[in-house]
Number of protein chains: 4
Amino acid sequence: MKRIAVLTSGGDAPGMNACIRAIVLTAHRNQIEVIGYRHGYNGLLKREYQPLHPGDVVNIIQRGGTILRSARCPEFVSTESAERAAQNLNDMHIDALLIIGGNGSFMGAEHLGRHWDGQIITLPGTIDNDITGTDGTIGYYTAIDTALEAIDKVRDTADAFERIFLIEVMGRHAGFIGLNAAIGSGAEQMLLPELVDDGNAIDLKQIMRHVKVTREKRGMCSYIIVITENLYPGGANALATKLTEEMNVDCKPVILGYIQRGGSPVSMDRILATKLGAYAVEAARDGKHLIMIGEQNHNVVEIPLEQTRSSKKPLDPYLVEIQQDFFDLVKNPV
Amino acid sequence: MKRIAVLTSGGDAPGMNACIRAIVLTAHRNQIEVIGYRHGYNGLLKREYQPLHPGDVVNIIQRGGTILRSARCPEFVSTESAERAAQNLNDMHIDALLIIGGNGSFMGAEHLGRHWDGQIITLPGTIDNDITGTDGTIGYYTAIDTALEAIDKVRDTADAFERIFLIEVMGRHAGFIGLNAAIGSGAEQMLLPELVDDGNAIDLKQIMRHVKVTREKRGMCSYIIVITENLYPGGANALATKLTEEMNVDCKPVILGYIQRGGSPVSMDRILATKLGAYAVEAARDGKHLIMIGEQNHNVVEIPLEQTRSSKKPLDPYLVEIQQDFFDLVKNPV
Amino acid sequence: MKRIAVLTSGGDAPGMNACIRAIVLTAHRNQIEVIGYRHGYNGLLKREYQPLHPGDVVNIIQRGGTILRSARCPEFVSTESAERAAQNLNDMHIDALLIIGGNGSFMGAEHLGRHWDGQIITLPGTIDNDITGTDGTIGYYTAIDTALEAIDKVRDTADAFERIFLIEVMGRHAGFIGLNAAIGSGAEQMLLPELVDDGNAIDLKQIMRHVKVTREKRGMCSYIIVITENLYPGGANALATKLTEEMNVDCKPVILGYIQRGGSPVSMDRILATKLGAYAVEAARDGKHLIMIGEQNHNVVEIPLEQTRSSKKPLDPYLVEIQQDFFDLVKNPV
Amino acid sequence: MKRIAVLTSGGDAPGMNACIRAIVLTAHRNQIEVIGYRHGYNGLLKREYQPLHPGDVVNIIQRGGTILRSARCPEFVSTESAERAAQNLNDMHIDALLIIGGNGSFMGAEHLGRHWDGQIITLPGTIDNDITGTDGTIGYYTAIDTALEAIDKVRDTADAFERIFLIEVMGRHAGFIGLNAAIGSGAEQMLLPELVDDGNAIDLKQIMRHVKVTREKRGMCSYIIVITENLYPGGANALATKLTEEMNVDCKPVILGYIQRGGSPVSMDRILATKLGAYAVEAARDGKHLIMIGEQNHNVVEIPLEQTRSSKKPLDPYLVEIQQDFFDLVKNPV
């Protein structure tokens, strides 16, 4: 093996730089050259790349974002684009392509795999943690801590005013950030996609009853609801307005939004990214193909790429139970 | 002087607890008793209070929010409510009342002053810094740093995607947080109430032209606009949608909202709160009345209460000029 | 089961409060009363305790330290002290005692178990992570992130001056913090107890050769060594002086010390503490005895107490290998 | 004016990069070229420099350290070195040299001024704030907040163990960081160079009496002493050992050390750095010479360089008084 390429694709996630660094350093000690494509699959199509030497990854382990830039690339579904990418990779004599990204990026990887003979290895980089086959994803742990820090701040005001706050966190299809942010912040209620029956709307009456009874039992105090994005039409803003009207108490929304994506990665993400990045190069060197490098039970594992979306990764049921039991109106009599 | 009372009113601000602590410790060494009314003026009306001894303020200097709780009190404009408050204060043998809050709270203080014989002293506690007569207000410095931390994180994603972000910060009528957050984050543009002509709408065309030309000159890169709340109909969400449509590039909104109010106060707020709190007790002891304790040029000052809203406090003109010049399209030719 | 007691013992660790909260909330929903002994085993001997209701644990999940205080209790090895503790527990009608602490506290638990008929359940609370039978310990994850934040700051100066820094982290007998801090910070070298042969001194010549060659290869740049406490006679201060003398370049020591123990717990510690605390009450309710509640591969487990020190918990060998390979002088030729 | 140069010298300070950025952007809009000398005065002697364009200072406003590197340069006292520097500056057609640093760097500036005809303008960049003529210095505000964050963490453990901690902060000759860290953390005692009589040793008996009486009055609780470096022979380590022996209670030292220098600058430092940097270029453009650009009462000022060390800048006497009064044993009877 002489030369590999790496790209970051999809939403950026803290730790992507730590992963790039590990790839470059591991390749270096295996005498493998590395080039980085810029702007995700777009760079692959436009031959936009840069060489990556150990000197290029000094002091990036602690940086959010990605030095290779990222982008969506909607056109990367056509046969023509995959063939062009394959041609470009061959022209550059790339033996293996390493792709750091989420589910969308992995579909791109499989698409490319149908048109290119080289090895393709993916690494899970997304704050959403919605990738099957790995316990965590690069960026996920930082996103939880960022959400927690923000909710801790909101709790100050919530307490000062004995007020209801509705905190919207990221996680369109998965409640991983939401569950952990709710547990970690001691939130009184959480609304996650996994807990809302398919086709059913959020049960406003039940939410309001919980707020009312909990505050009566405890005495008036702050009350925080964690909700994932896209779960209620109009988002947390609309739901807060609705609750304020219906309950006749002030309910304020806070949309954490893009601040959850950025920031210096926490240790968990730096270390996970480093492990996966180092292993990915070793797997490439050993001829592996169409796999994702993930982590299960603290061990690095290789997962066939098509299995990463074969099933939905479940939330930790014990965590869900704890969070619900703590504030269960029946189980917690006065 | 035997006994004073303190209350926190209006929006909570980081450093209010540090101020309460300084009041209690200073009163203690002057052999003055302190009681704290809870929930702002509401506690004054409902006789809801607690004694405050030095032991009650241990380990609160670093806490956000306010241990005395806060609240709005819309009814505190009637003669009846002021008379009831006066009666309650007299029944408790309060010699002086210290009020930590913003402009609304100060109006309540003046209202009470027309119906009560005791001394009234106010302390500026608001993240907005929109109080004349003091260079800074308790909570203002923390709010700037909280905004900056969030914008730093957004910049990571903005860079990774070379994207436009619109960050909405607090400051309904004043651009202090907005100006400092823009300068401190290296934002490419800022939209503040002081810089938008009265009656004029925000000039969308000018904004778009600036984005376009700046990105052309520099090469495509991230671009951050800081905007204060309530400046555009529908807020940053509506403006981002508008810009996305008009410019045909992705423009994402981030509403910092209530996370700007909370958090452990930064040193500037802890120290300002401590200075003002200590001085307020000394001023009370010395018989002062209807004044605000503020800070000008690093010295503690006493300001007649009615002067605190006699004029609008201006932004630092040199800071405004710097921020505008850095990104002035004419002054910065290619 | 009617009543349980909890105490925190040994060095405090971020997350202990989150654990106390989970214990109280879980006991409440099982209609079990909770009392908390203060100052570790000392409170057990002196009958110093407080009732713990759900209202007492509001807003403590994010606090460092422990609301029950902690202390060392050297006298808790005598038969007399264990018998006194047993008597006090019986007088209070305690069915089960939950002990949050480290190895020393666990020995106290076993000692008490030989003299008391009630159930004893321990929870691993220590920043050192040196407890067998659980993948992580409460406080460990925060300590790593605290160390990383500090090293990130030192790296700024190290880079500015192209200087060598020696960072001393906690971990008297175990290199868990050291290894993760080294990986996470991109440190150029790490000195851990597990990697130094028994009876052998640290090999100064090898350290200096690594510094010299690495800097020559890369060009002059910053160089960070992470070392655990007590590994070199006189600590990092003495080693820095020695290296400065021998190498004739400035080598500065930084002792992180007690700042690693405190601070608001990161999400990992809040969640681990919550899981273990909730489970411990369920285990007590179910009659379990002389076990530690730990976590293995993301599942809560029960471990016989005597097994928690039956063997030494190893470092992750792949992480050790990565860290060493990145800076291996032979494997990384110019 | 066609071309200016900038260098950073002496200990690095957070905000130096923000200052470099402001210099480059302001020069650009005035059509002035900028080059940066690397490694302080050493780069001036060795002709080690780099051009600085607006594109080079993107995304550095939030970075600690200095992109120009820094270094001590002991040889820069000789006539020969100043003449060589002057020659190098002339060869490069530099009209003005901007120097960001502390007192030592300013002496170098004056020395150079005696041998070079170009304009010399200095900017105060040091965490110690020990420069006369400016209210604050670049880096000072971040250092205070960094110290505070660390002390807040130590307070957690101090409370948990009701223990005495001795925190050593930077400030060899000036107690600015110490005073503000003590006030901001609610420290029970502070030991600063300004408060220790010349030639007198620290009064150990008085310290111990204060600890003893304060803890008796309040009940046993944590007790924090802030001390500046070099104030006690052997530093905080030696003093802690001494106090532990003499008082027979555990007293633990924490040396904050180099973590105070690094980290992302807080808003105050970013804004101060930006103001001073922008103004310095305008002053250069206007022909100013041998001045320091400082800030007094929120306004940018020009100070003749020789006045910056004409007298010692005093601590804020009111802050000193408050801190001492809060814990005065006589003024605070039980």
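These numbers come from the heavy atoms of this one structure, side chains and all, not from hydrogens, waters or symmetry mates. Numbers restart at 1 for each chain; the letters A, B, ... are given by sequence-line order, proteins then strands. A quick note: this is a predicted structure, and the numbers were derived from the prediction, not measured.
Between C:F327 and C:H210, the ring planes are perpendicular. Angles over 60° get that label, and only those under 30° would be called parallel.
There is no contact between C:D269 and chain A, counting heavy-atom distances below 4.5 Å. For A:E321, the part sitting under 4.5 Å from any heavy atom of chain C is the side chain, from C-beta outward, and nothing else. When heavy atoms are compared at a cutoff of 4.5 Å, C:A147 does not approach chain A at all. Looking at C:E188, neither its backbone nor its side chain comes within 4.5 Å of chain A, counting heavy atoms on both sides. The contact between C:I271 and chain A is made by backbone and side chain atoms together, counting heavy-atom distances below 4.5 Å. In this structure, chain C has heavy atoms under 4.5 Å from both the backbone and the side chain of A:D325. Contact of A:E282 with chain C is made through the side chain alone, with heavy-atom distances under 4.5 Å. Residue contact with chain A, scored on non-hydrogen atoms closer than 4.5 Å, involves the side chain of C:L319 exclusively. Looking at C:N180, the atoms closer than 4.5 Å to chain A (heavy atoms on both sides) sit in the backbone and in the side chain alike. Contact of C:V300 with chain A is made through the side chain alone, with heavy-atom distances under 4.5 Å. Heavy atoms closer than 4.5 Å to chain A are found in the side chain of C:Q31, but not in its backbone.
Side-chain polar atoms of C:N30 and C:R285 form a donor-acceptor pair below 3.5 angstrom. Side-chain atoms of A:R155 and A:S222 include a donor-acceptor pair closer than 3.5 Å.
Contact count versus chain C (heavy atoms, under 4.5 Å) is highest, among A:D135, A:T26, A:V58, for A:D135. For the set C:I60, C:T274, C:N299, C:V330, the count of heavy-atom pairs under 4.5 angstrom toward chain A peaks at C:T274. The most heavy-atom pairs under 4.5 Å with chain A, out of C:A18, C:C221, C:A22, come from C:A22. Highest contact tally toward chain C, considering only A:D328, A:I144, A:D316, A:N59, is held by A:N59 [criterion: heavy-atom pairs under 4.5 Å].
The side-chain hydrogen bond (donor to acceptor under 3.5 Å, both in side chains) test with C:K313 singles out one residue from C:T134, C:N129, C:T137, C:T132, and that residue is C:N129.
For the pair C:E149 and A:R270, the salt-bridge criterion is not met [side-chain N within less than 4.0 Å of a carboxylate O].
Two residues are said to be in side-chain contact when any heavy atoms from C-beta on lie closer than 4.5 Å; C:K288 and C:I293 fail this criterion. Residues C:I100 and C:I20 are in side-chain contact: their nearest non-hydrogen atoms beyond the backbone lie under 4.5 Å apart. A 4.5 Å side-chain heavy-atom check between A:D145 and C:M268 finds every atom pair outside the cut-off. Residues C:T126 and C:I138 form no side-chain contact, since every pair of their non-hydrogen atoms from C-beta on lies 4.5 Å or further apart.
The line from CE of A:M190 to CD of A:Q324 is 5.0 Å long, rounded to the nearest 0.5 Å.
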